[in-house]
Amino acid sequence: MKLLLCIIDNFYTDQVEMEMKDKGYRMTEIASSGGFLKKGNTTFMFGVNEEEVSKLKTDLKDICLAYEKHRGKRPEHSNRFTSFLLDVSMLPFFQSAQADENR
């Protein structure tokens, strides 16, 4: 199991949320700003199986590109999203929760 943390520019947030739900992805959304990308953004957390990671990233990119085509492209210096892939088995919190489920 993998956890994809995806920090998305607010320009794309509503569209990403709507389309990813339509595609059947389950996610947690956290409003965030400042610090990392220095502007308003939203962090999505997706839990997926390892073999689904590539499709998830492709779907995110395709949604952003289609939205740009429809609404107009963002400035070149703007990031669509930045993502971090974590192995859930390496996170103590999830190991503890998983152990509790097995009891």
Within a radius of less than 6.0 Å around CD of Glu29, do more than 12 heavy atoms belonging to other residues, nucleotides or ligands occur? yes
Intermediate values then yes/no, side-chain contact (heavy atoms from CB on, under 4.5 Å), Leu60 and Phe44: CA-CA 11 Å; Leu60 285 166; Phe44 287 93; over 6 Å; no
side-chain contact (heavy atoms from CB on, under 4.5 Å) evaluation trace for Met20 with Leu56: CA-CA 9 Å; Met20 293 303 275; Leu56 170 62; 3.1 Å; yes
Locate the shortest heavy-atom distance separating Leu3 from Val88; write the atom from each residue and the value. N-CG2, 3.8 Å
Run the numbers on Asn41 and Asp9 for side-chain contact (heavy atoms from CB on, under 4.5 Å), then give the verdict. CA-CA 5 Å; Asn41 50 63; Asp9 186 297; 5.6 Å; no
Can we say Glu17 and Lys21 salt-bridge, meaning some charged N sits less than 4.0 Å from an Asp/Glu carboxylate O? yes
About how many Å separate OH of Tyr12 and CD of Glu68, when rounded to the nearest 0.5 Å? 3.5 Å
Mind checking the NZ-CZ spacing from Lys57 to Phe46? Nearest 0.5 Å is all I need. 12.0 Å
Beyond-backbone contact of Met18 with Ile63, side-chain heavy atoms, under 4.5 angstrom: no
Do the rings of Tyr67 and His70 sit parallel, tilted or perpendicular, given the 30° and 60° boundaries? tilted
What's the verdict on side-chain contact (heavy atoms from CB on, under 4.5 Å) for Phe81 and Val16, showing C-alpha distance, side-chain angles and the deciding distance? CA-CA 11 Å; Phe81 63 87; Val16 166; over 6 Å; no
What's the spacing between Cys6 SG and Leu85 CG if we round to 0.5 Å? 11.0 Å
Give, for atom NZ of Lys2 and atom CG of Asn49, the distance between the pair rounded to the nearest 0.5 Å. 10.5 Å
Measuring from Lys55:NZ to Tyr25:OH, what's the distance to the nearest 0.5 Å? 4.5 Å
Applying a strict under-4.5 Å side-chain criterion to I, L, V, M, F, W and Y, I'd like to know whether Ile7 and Leu5 cluster together. yes
